[in-house]
Protein chains: 2
Amino acid sequence: MRILVVEDEPGISSFLKQGLEEEAFAVDVADNGKVGLELALSGSYDLLLLDWMLPGFSGIEITRQFRKEFPSTPILFLTAKDTVDETIVGLQSGANDYIKKPFHFEELLERIRVQLRSKVGEYEKFTLGPIELYTDRHQVYKNGEEVQLTQKEFALLEYLLRNKNKVCRRTRIIESVWDIHFEYNTGVIDVFINSLRKKLDLQKDEDYILTVRGVGYMAKEK
Amino acid sequence: MRILVVEDEPGISSFLKQGLEEEAFAVDVADNGKVGLELALSGSYDLLLLDWMLPGFSGIEITRQFRKEFPSTPILFLTAKDTVDETIVGLQSGANDYIKKPFHFEELLERIRVQLRSKVGEYEKFTLGPIELYTDRHQVYKNGEEVQLTQKEFALLEYLLRNKNKVCRRTRIIESVWDIHFEYNTGVIDVFINSLRKKLDLQKDEDYILTVRGVGYMAKEK
DNA sequence: CTTTCTGCTAAGAAGGGGCTTAAAATATTA
DNA sequence: TAATATTTTAAGCCCCTTCTTAGCAGAAAG
């Protein structure tokens with residue numbers, strides 16, 4: 001996933017570049033609107049991250065011009081203050097979301113992920129003890145040997161691994177994996193956890209998928 | 001942290017209530033705009049979560065009226081469609097952020113946390129001597145080692161830590177942790193205090209959970 | 001010192017949650 | 001359309017959690 005950051009303050013842009021690269025994004029930086037727009041129009045980005053106050057073209061202008069060519073590429077903009085006006089203009093001119101400075105990096109990440117959720121993720125690999133999971137190839141291995149999982153089994157395992165060492169509540173699991181948002185009273189999760197444990201052939205000492213009674217499940221590294 | 005949810009669909013509102021309560025928010029629900037506005041104006045909330053399409057007053061009207069009295073309380077609104085217009089009107093009338101339905105609960109939580117971040121600190125972590133408790137992850141540590149607690153044990157410890165250095169009356173504890181609001185004549189609390197002390201392996205010099213004879217208990221930092 | 005009260009602790013009963021399995025419903029493939 | 005695979009529902013079982021109970025120990029009061 002390629003991201004273009006247009007931001008004139010070197011401190012912020014280098015912070016963003018470094019942080020996003022740690023999350024396995026490819027990041028380019030432009031420090032003014034003119035260069036930013038040129039790069040953006042080259043068409044090789046999956047998401048734009050624009051500072052709103054820029055030398056050269058402003059964020060609005062970049063957004064307007066860019067939208068003509070690329071109607072679906074998400075644009076996220078950074079607003080300096082809590083001014084509603086900026087926000088409104090930004091959304092009207094075609095941006096998808098905004099974030100106020102100062103922001104927490106985790107939040108920025110979450111908003112980027114929301115925007116990219118429709119697009120297919122790049123190559124991602126998760127591990128849990130002897131288990132490896134590749135999101136792109138849709139494959140899972142244990143001790144190097146491939147394990148055949150169905151779609152839902154895979155999705156559930158992926159969710160647990162994305163939240164490794166954190167307790168995953170049943171409600172969250174149902175929401176993220178099954179996309180059921182507003183109610184739940186089913187035992188599906190149990191069934192799929194069961195088949196996961198079976199297919200992964202977890203022995204007694206391999207307690208990688210823990211059940212947290214009354215709460216949910218947790219993929220835990222030893 | 002108290003949150004008011006104004007939402008007419010019972011499915012959604014109960015889902016929100018449950019989910020937010022799991023994250024340790026106190027949640028009230030109103031199912032129409034009129035009651036919602038009345039409750040909101042009572043002034044005892046830290047954040048409003050408004051559905052935009054409501055019987056009675058609409059989200060806009062609630063926002064406008066509420067803003068006159070409470071200029072700084074964050075308002076988050078839920079929009080049904082991906083219409084920029086609604087969003088713009090919402091932000092113009094004084095809301096702080098919006099989220100599109102259907103949404104992922106994680107994202108909603110993140111946005112709520114952002115709004116409350118100025119009010120309250122980061123993620124919720126409570127400490128008591130060598131004991132650490134993380135509300136979001138549902139985990140407790142003593143001297144860095146995880147301690148396995150059941151739901152009720154966790155809820156009780158969390159309550160005591162939220163009221164650290166304050167005497168907690170038995171009646172309050174029963175109300176908050178067990179949700180029993182009428183009179184009580186049971187020894188449950190004692191039993192759970194006992195198992196907490198055991199599981200936390202408190203030595204004689206580690207008197208962090210004190211008994212206040214005739215009143216209740218207190219988590220006390222030395 | 002004795003009595004009375006309150007909290008501590010252990011053991012067991014009651015209840016609920018999760019595991020497992022099989023069968024039904026749904027989706028996919030030939 | 002039939003055949004197959006996947007997903008979901010449902011039910012019984014077992015075990016963990018929760019709550020009750022009761023005897024005991026120690027504090028407060030007389």
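Everything numeric in this text was worked out from a predicted model, so none of it was measured. So you know, we letter chains A, B, ... as the sequences are listed, proteins then strands, and number each from 1.
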- Query: Run the side chain to side chain donor-acceptor pair (under 3.5 Å) check on B:Thr211 and B:Arg197 step by step: do they pass?
  - Reply: CA-CA 11 Å; B:Thr211 307; B:Arg197 285 175 175 158; 2.9 Å; yes
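- Of all non-hydrogen atoms in A:Lys166 and A:Met218, the two that sit nearest each other are O-CG, 3.5 Å.
- Using a 4.5 Å cut-off on side-chain heavy atoms (C-beta onward), B:Gln151 and A:Arg213 make no contact.
- The shortest distance between the side-chain N/O atoms of B:Thr150 and the OP1/OP2 oxygens of D:dC16 is not below 4.0 Å.
- Atom CD of A:Gln148 is separated from atom P of D:dT4 by 19 Å (rounded to the nearest Å).
- Taking atom CD1 of A:Ile189 as the reference point, atom C1' of D:dA10 lies 16 Å away to the nearest angstrom.
- For DNA chain C, the span of nucleotides reached by chain A at under 4.0 Å from its heavy atoms goes, 5' to 3', from C:dG16 to C:dT21.
- In this structure, B:Phe154 reaches neither bases nor backbone, as no heavy-atom distance under 4.0 Å exists between it and the strands shown.
- Sequence order on DNA chain C of the closest nucleotides to A:Arg170 and A:Lys198 puts A:Arg170 first from the 5' end.
- Atom pair B:Gln151:CD and D:dC19:P shows a separation of 11 Å (rounding to whole Å applied).
- Residue B:Arg213 places its side chain closer to D:dA27 than to any other of D:dA10, D:dA27, D:dT7.
- Put simply, CG on B:Asn194 is 15 Å from P on D:dA25, counting in whole angstrom units.
- Interatomic distance, B:Glu7 CD to B:Asn32 CG, rounded to the nearest 0.5 Å: 11.5 Å.
- When all heavy atoms are compared, the tightest approach of A:Phe70 to A:Gly43 is CZ-CA, 3.3 Å.
- Whole-Å rounding puts the A:Leu156 CG to D:dT6 C1' distance at 15 Å.
- The nearest whole Å value for the distance from the CG atom in B:Leu196 to the P atom in D:dT17 is 13 Å.
- Figure legend: A:Lys222 and A:Tyr208 shown as a cation-pi pair, the cationic atom lying under 6.0 angstrom from the six-membered ring centre and within 45 degrees of its axis.
- The environment of CD in B:Glu145 is sparse: at most 12 heavy-atom neighbours from other residues, nucleotides or ligands sit within 6.0 Å.
- Phosphate proximity of D:dC19 to B:Trp178: present, with a side-chain N or O under 4.0 Å from OP1 or OP2.
- Atom CD of B:Glu153 and atom P of D:dC19 are 11 Å apart (whole Å).
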- After noting the C-alpha distance and the side-chain angles of B:Tyr134 and B:Phe126, does the key distance pass the ring pair (Phe, Tyr, Trp, His ring centres under 6.0 Å) rule? CA-CA 7 Å; B:Tyr134 298 84; B:Phe126 296 97; 9.8 Å; no
- Quick one: do A:Tyr217 and A:Asn163 satisfy side chain to side chain donor-acceptor pair (under 3.5 Å)? Show the steps, please. CA-CA 10 Å; A:Tyr217 295 91; A:Asn163 296 285; over 6 Å; no
Measure all distances between protein nitrogen or oxygen atoms and nitrogen or oxygen atoms of nucleotides 11-13 of chain D, and list the pairs falling under 3.5 Å.
none

